[in-house]
Amino acid sequence: QVQLIESGGGLVQAGGSLRLSCATSGLTGNYFMGWFRQAKGKEREFVGYIGWTERNTWYADFVKGRFTVSRDNANNTVYLQMNRLSVEDTAIYYCAAGPTVARWDYWGQGTQVTVSS
């Protein structure tokens, strides 16, 4: 059974930082790990992803330069470091896993990030 469990969300003031973790189990072989978010009343947004190695990453324009995706394969964990947070970053953040960036087969339950002004 594949499980993805996000943690690290919470309430933070604008300009602050949070580090989200996604602990995985049951995944075998090589896979991409993605981060998505969905704000209240908005469609889901693709935040970024990391490939088989940390040399292969992609970020949406609205987080580029502020967020960093990394992974620790030995511990089966992927991270999303979020810096210089703004109110517009408030959303539920989800991690996902898949064989390619076009196919996300597994999803976590999400963790709430709330940024206050």
Side-chain angles (χ1 to χ4, degrees):
Q1 179 180 340
V2 174
Q3 284 191 313
L4 280 63
I5 303 176
E6 302 95 336
S7 63
L11 177 65
V12 64
Q13 288 188 315
S17 299
L18 282 175
R19 188 196 193 199
L20 306 184
S21 298
C22 178
T24 71
S25 62
L27 290 172
T28 59
N30 296 322
Y31 52 89
F32 289 76
M33 296 296 302
W35 284 98
F36 299 79
R37 71 184 189 185
Q38 186 164 20
K40 180 70 174 179
K42 300 292 185 179
E43 293 295 309
R44 186 182 65 200
E45 296 179 308
F46 194 5
V47 173
Y49 73 80
I50 186 167
W52 300 335
T53 72
E54 296 202 21
R55 292 179 294 178
N56 185 11
T57 57
W58 176 89
Y59 300 95
D61 287 341
F62 54 82
V63 304
K64 196 174 301 180
R66 299 189 297 121
F67 291 10
T68 303
V69 181
S70 62
R71 65 190 299 168
D72 182 352
N73 290 334
N75 292 311
N76 304 121
T77 304
V78 63
Y79 304 96
L80 180 66
Q81 178 67 46
M82 305 185 295
N83 299 323
R84 290 152 44 207
L85 286 161
S86 67
V87 173
E88 289 71 34
D89 295 316
T90 296
I92 300 175
Y93 284 72
Y94 302 89
C95 65
T100 75
V101 298
R103 178 178 167 182
W104 302 102
D105 290 334
Y106 306 101
W107 294 80
Q109 292 299 306
T111 185
Q112 176 71 49
V113 172
T114 303
V115 184
S116 64
S117 60

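One is the number of the first residue; the rest follow in order along the sequence. All values reported here derive from a predicted model rather than from experimental measurement. Below, all heavy atoms of this structure are taken into account, side chains as well, without hydrogens, waters or symmetry copies.
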I'd like to know whether Phe46 forms a ring-ring contact (aromatic ring centres under 6.0 Å, His included) with Trp104, so could you lay out the CA-CA distance, the side-chain angles of the two residues, the decisive distance to 0.1 Å, and finally the verdict. CA-CA 11 Å; Phe46 194 5; Trp104 302 102; 5.8 Å; yes
For the pair Trp35 and Val63, evaluate side-chain contact (heavy atoms from CB on, under 4.5 Å) and give the outcome as yes or no after the intermediate values. CA-CA 11 Å; Trp35 284 98; Val63 304; over 6 Å; no
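Within the 3.5 Å criterion, the main-chain N or O of Gly51 finds no donor-acceptor partner in the side chain of Arg55. Judged by distance alone, the side chain of Thr114 and the main-chain N or O of Leu11 form no donor-acceptor pair under 3.5 Å. Counting only distance, with no hydrogens or angles, the side chain of Arg84 and the backbone of Arg66 share no donor-acceptor pair below 3.5 Å. A donor-acceptor contact shorter than 3.5 Å links the side chain of Tyr59 to the backbone of Val69.
Heavy atoms only, all atoms of each residue included: Gln38 and Lys42 are closest at NE2-O, 3.1 Å. What you find for Thr24 and Leu4 is that their closest heavy atoms are CG2-CG, 3.9 Å. For the pair Thr28 and Tyr31, the tightest heavy-atom approach, listed with the atom from each and the gap, is O-CD2, 4.5 Å. Closest approach of Gly26 and Val2 over heavy atoms only: O-CG2, 3.5 Å. A pairwise comparison of heavy atoms in Cys22 and Met33 identifies SG-CE, 4.1 Å as the closest pair. Residues Pro99 and Asp105 approach most closely at CD-OD2, 3.5 Å, considering heavy atoms.
Taken together through direct or relayed side-chain contacts under 4.5 Å among Ile, Leu, Val, Met, Phe, Trp and Tyr, Tyr106 and Tyr93 form part of one hydrophobic cluster.
Interatomic distance, Phe32 CZ to Ile50 CD1, rounded to the nearest 0.5 Å: 10.5 Å. For the atom pair CZ (Arg71) and SG (Cys95), the distance works out to 11.5 Å, reported to the nearest 0.5 Å. Separation of atoms CZ (Phe67) and OG (Ser17) is listed at 9.5 Å; rounding is to 0.5 Å. Here the straight-line distance linking atom CH2 of Trp58 with atom OH of Tyr49 works out to 8.0 Å at 0.5 Å rounding. Once rounded to the nearest 0.5 Å, the distance linking CZ of Phe62 with CD of Glu45 reads 4.0 Å.
For the pairing with Glu6, the side-chain contact (heavy atoms from CB on, under 4.5 Å) check across Thr111, Leu80, Ile92 returns one residue only, Thr111. Just one of Asp89, Val113, Thr90 meets the side-chain contact (heavy atoms from CB on, under 4.5 Å) condition when paired with Arg37; it is Asp89.
Surrounding CD of Gln81 are more than 12 heavy atoms belonging to other residues, nucleotides or ligands, all under 6.0 Å away.
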